[in-house]
Amino acid sequence: MFSDCLLIIVIAIGTALAGEGLTWLLVYRSDEYKRLKNDMERKTKKLERKREAVTDAFESKTAKRKIDREEEKLKATNRDMSMFKMKSMFAIGICFTALLSTFSSIFEGRVVAKLPFVPISFVQGLSHRNLPGDDMTDCSFIFLYILCTMTIRQNLQKMLGFAPSRAMNRQQGGGLFSPPQQQGQFTYFR
């Protein structure tokens, strides 16, 4: 079981490196991506400066309109960057789905790790996938692989400098566990 666990970690590292290599080849080295990234960072800094300048809650409507326009420009640039990335991510996704299917068939029915907890009910379907028995602390290949890949890929992107800057993350919402945005930011419903 320990050797299977180590093998899955090595597979996750290898696929994360291959994925980042392909992404660099198809996306990060292109002039269009570099232009969009610089444009995003420039617009993000400009928006932050304008927000810092508006300190009073009762500022003029023109200042708020300018901030709204900058937000719209930033969202449009972000949308363009996402569309540019999506084309290559689709191709990479198909390749990794085939790899995942191959590795999953190799480890099918084998317990690769023992979890120190019983997962919540909706995660049990993934953590105990294709495993015999009723011990929910048994871990399947797919669960361990997904956890390792998510962790390794995020850290690899940060080490290689492909992760978005902190300022852009703040403007884009930051993710699932970020605090709610302040009122007045990215108002979609008017």
Side-chain angles (χ1 to χ4, degrees), residues 9-97 99-100 123 126 144-190:
I9 292 171
V10 169
I11 290 170
I13 290 170
T15 55
L17 284 170
E20 288 306 309
L22 284 171
T23 305
W24 178 81
L25 191 67
L26 298 173
V27 176
Y28 296 139
R29 74 180 186 142
S30 69
D31 293 332
E32 177 72 10
Y33 174 79
K34 291 175 184 175
R35 183 189 64 76
L36 286 170
K37 184 177 178 187
N38 288 336
D39 201 23
M40 283 269 298
E41 288 180 0
R42 184 177 44 79
K43 287 178 181 178
T44 301
K45 288 177 184 174
K46 186 175 181 181
L47 182 60
E48 282 183 354
R49 280 194 306 266
K50 285 192 177 195
R51 281 197 181 132
E52 288 172 2
V54 178
T55 56
D56 189 14
F58 300 105
E59 280 292 323
S60 67
K61 289 184 180 182
T62 57
K64 289 183 181 182
R65 275 193 228 122
K66 287 180 183 180
I67 289 174
D68 287 343
R69 267 186 266 142
E70 290 300 321
E71 287 175 348
E72 292 299 323
K73 289 178 186 178
L74 183 63
K75 282 191 272 186
T77 306
N78 190 22
R79 192 173 29 251
D80 292 343
M81 183 180 279
S82 296
M83 290 301 291
F84 182 73
K85 283 181 173 181
M86 187 178 13
K87 296 171 190 172
S88 68
M89 293 301 143
F90 185 71
I92 291 170
I94 290 172
C95 294
F96 283 113
T97 302
L99 277 174
L100 183 64
V123 178
L126 189 62
L144 185 60
Y145 175 78
I146 289 172
L147 287 177
C148 290
T149 302
M150 287 187 330
T151 304
I152 292 167
R153 193 139 192 218
Q154 291 293 324
N155 289 318
L156 188 61
Q157 286 176 345
K158 286 180 184 177
M159 284 190 320
L160 296 174
F162 297 148
S165 69
R166 288 183 182 176
M168 286 191 338
N169 273 343
R170 275 193 306 258
Q171 296 303 322
Q172 295 171 359
L176 179 64
F177 299 110
S178 64
Q181 294 179 357
Q182 297 172 357
Q183 191 174 14
Q185 291 181 337
F186 295 106
T187 51
Y188 294 106
F189 304 105
R190 296 181 201 262

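Quick note: residue numbers are just sequence positions, from 1. This is a predicted model, so every value here is computed, not measured.
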CD/Gln157 to CG/Asn155 distance, rounded to the nearest 0.5 angstrom?
9.5 Å
Measure across [X] and [Y] and return the closest heavy-atom pair with its distance rounded to 0.1 Å.
X	Y	answer
Ile9	Ile152	O-CD1, 4.2 Å
Phe96	Thr15	CZ-O, 3.3 Å
Phe84	Ser30	CZ-OG, 3.1 Å
Ile92	Gly19	CD1-O, 4.1 Å
Leu156	Ala16	CD2-O, 3.7 Å

Going by an N to O cut-off under 4.0 Å, is there a salt bridge joining [X] and [Y]?
X	Y	result
Asp39	Lys43	yes
Arg51	Glu71	yes
Glu32	Arg35	yes
Arg69	Glu72	no

Is there side-chain contact between Ile13 and Leu17, with at least one heavy-atom pair below 4.5 Å?
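With C-beta onward as the side chain, the pair touches.
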Taking the side chain as every heavy atom from C-beta outward, state whether Glu20 and Tyr28 have any pair of such atoms under 4.5 Å apart.
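Yes - at least one pair of side-chain heavy atoms lies under 4.5 Å apart.
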In terms of heavy-atom contacts, does CG of Asn38 have more than 12 from other residues, nucleotides or ligands at under 6.0 Å?
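Buried by this count: over 12 neighbours within 6.0 Å.
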For atom NZ of Lys50, decide whether the heavy atoms of other residues, nucleotides or ligands shown that lie under 6.0 angstrom number more than 12.
yes
Does Arg42 form a side-chain contact (heavy atoms from CB on, under 4.5 Å) with Thr77? I'd like the steps, not just the answer.
CA-CA 11 Å; Arg42 184 177 44 79; Thr77 306; over 6 Å; no
Using a 3.5 Å distance criterion without hydrogens, assess whether the side chain of Ser88 forms a donor-acceptor pair with backbone atoms of Lys85.
yes
